[in-house]
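Along the sequence shown, the residues carry numbers beginning at 1.
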Amino acid sequence: MLNSSLLTRPSFRVIKVITNTLNAYRRKQQGFFIISSVLVLLSITAFMLTSVTFAVNDFQAVREAVGISQSRYLDTKKEMRNIISQLRTQPSNTIALSNTSIVHTIVSSDYRGDDLQALKSFDISLRHVKSDTKINQRFLRYPSFIKIPTILQASTPDTNLTQWLFNRSASAFVPNYFPLSVVANSCSDLSEASMHWINGDCELNKNDVDHSDSTNPMLLIIKNGHLTVRGGTSFYGVIILLSDNGVIYSANVQLGASIKGALTSSHNITVQKDGPVTYSPDVLRTLQRAPKLAKIIAVPGSWHAQF
C-alpha cells in the first residue's frame, strides 16, 4: 500500500499543474476573445460614425447646392419681373438689369390688333452666369384703352361704353385697371399723367391741363360728377362721364374753351357746348398708344425654366 501511494503523488501534481495551466490558458483565451470582440465593436462603431459623418456632409452639401440653385432661380425670376415692369413703358434697348450675374436677350415683334391696335410681343431669355439657371417667356404689350370711341359714341350715351372701350363691365371698371392711374376728388391742378380718375365734380381751367397737348393727350374719367371746362382751356384727349347713382350729370364747355378728341358718357347727360368739341381720330389714336396706358401680360404656355 505504501508503494502505491508513493507512485500516485507525482501524478496528482502533474495533473494539478496541467489543470492550472489549462485554466490560465483558457482565461487568457477568453481575455483575448473579449479584447478582440471589443476591438471589432469599436471598429464597427468607428466605421458607422465615419459613414454617418460622410452622409451628413453629403446631405449638407446637397442641401447647400439646392439652396443656392433655388436662390439663383428666384433671383432670375425677380429680374424677369424687373424687365417686364420696364418694358411696359420703355423700349427694349433701354432696359437696365439690377443683377450683374444675369444676362438677357429680348426679341420684340410688332403686330396690329383689332381696330388697328398697336401690339408688341417680347421674347425674353434670362441666364444666371453662375449656374445653369435659364428662363424664357413671351409677353404681350397692349393698350388698356382697347378701342377708341366712335363718332356716334362721342355724341350719344352708351350704357356699354366701358365694355366697348376697355373690355370691362361698368361694375368691374375701377381705377386700378390702369397701371398708372391718378385718383382725385377734383380736377384742381392735375398732375402730369396720361390718365386721371375723378370722383365727383370736375372743373377744368387752363392751368389744370397746361401739360397736355395733341402729342400728349389725356384720358379723364369723371365718376358721379359734373364737368365744367372754363374759357381759355384747351383739352386734348377723351373725357368720359360715368354714373351709377341714377343722377343726370352735366357737361358744360364754356365760350373760349375747347375739347379735341372726344366727350362721351355711359348715361344720359345734359350738354352745353359754347366752345367747340371736335372729334379727332388722330388725338384718340395717340392716346391709345400712350406708353403710360399700356398693359403687359405673359402669354400662356410660354414659360420655360431650367435650373
Side-chain angles (χ1 to χ4, degrees), residues 89 143-145 148-149 153-158 161-162 165-166 168 170 172-280 282-294:
T89 57
S144 57
F145 189 28
I148 63 175
Q153 288 171 327
S155 58
T156 306
D158 185 349
L161 186 67
T162 59
L165 300 183
F166 305 100
R168 286 291 184 277
F173 190 57
V174 292
N176 62 11
Y177 166 73
F178 301 94
L180 296 173
S181 60
V182 177
V183 182
N185 296 321
S186 75
C187 289
S188 178
D189 195 20
L190 294 176
S191 60
E192 186 173 354
S194 296
M195 188 274 161
H196 290 271
W197 182 291
I198 306 301
N199 293 308
D201 296 339
C202 173
E203 183 176 311
L204 288 174
N205 62 48
K206 62 180 181 180
N207 294 325
D208 298 328
V209 293
D210 57 359
H211 48 71
S212 178
D213 54 32
S214 60
T215 61
N216 187 32
M218 295 171 54
L219 172 60
L220 177 61
I221 296 176
I222 302 169
K223 181 71 174 288
N224 296 332
H226 301 282
L227 168 67
T228 301
V229 184
R230 294 295 183 189
T233 304
S234 297
F235 180 89
Y236 295 88
V238 179
I239 300 177
I240 302 174
L241 275 70
L242 304 178
S243 173
D244 61 4
N245 58 13
V247 175
I248 297 178
Y249 291 97
S250 63
N252 181 9
V253 182
Q254 295 182 349
L255 185 64
S258 66
I259 295 176
K260 190 171 184 179
L263 169 63
T264 185
S265 64
S266 63
H267 293 77
N268 288 327
I269 60 174
T270 60
V271 180
Q272 181 178 346
K273 292 189 276 187
D274 296 322
V277 177
T278 307
Y279 180 78
S280 174
D282 291 337
V283 171
L284 298 176
R285 189 68 65 192
T286 300
L287 177 63
Q288 186 184 53
R289 295 173 179 172
K292 292 182 179 180
L293 287 180

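- Of the possible donor and acceptor atoms, one in the side chain of Asp208 sits under 3.5 Å from a partner among the backbone N and O of Asp189.
- Proximity of a side-chain donor or acceptor of Ser280 to a complementary backbone N or O of Gly261 within less than 3.5 Å is not detected.
- Annotation: ring-ring contact (aromatic ring centres under 6.0 Å, His included) contacts of His226 (sequence neighbours excluded): Tyr249.
- In this structure a side-chain-to-backbone donor-acceptor pair under 3.5 Å is missing from Gln272 to Asn252.
- At distances below 3.5 Å, at least one donor-acceptor pair connects side-chain atoms of Thr162 with backbone N or O atoms of Arg168.
- Put simply, the side chain of Ser212 never gets that close to the backbone of Val209: no donor and acceptor are under 3.5 Å apart.
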Using atom types as modelled, flag every donor-acceptor pair under 3.5 Å from a side chain in residues 173-185 to any protein atom, sequence neighbours excluded.
unit_1	atom_1	unit_2	atom_2	d
Tyr177	OH	Ser144	O	2.9
Tyr177	OH	Phe166	O	3.2
Ser181	OG	Pro175	O	3.1

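- Of all non-hydrogen atoms in Ile148 and Gln153, the two that sit nearest each other are O-OE1, 4.3 Å.
- Looking at His211, its side chain does come within 3.5 Å of a backbone N or O of Ser191 through a donor-acceptor pair.
- Thr233 contributes no side-chain N or O that, together with a main-chain N or O of Val229, makes up a donor-acceptor pair within less than 3.5 Å.
- In this structure, Lys260 places its NZ atom where only 12 or fewer heavy-atom neighbours from other residues, nucleotides or ligands lie under 6.0 Å away.
- Classification of Asp244 and Lys223 as a salt-bridged pair holds, one side-chain N sitting under 4.0 Å from a carboxylate O.
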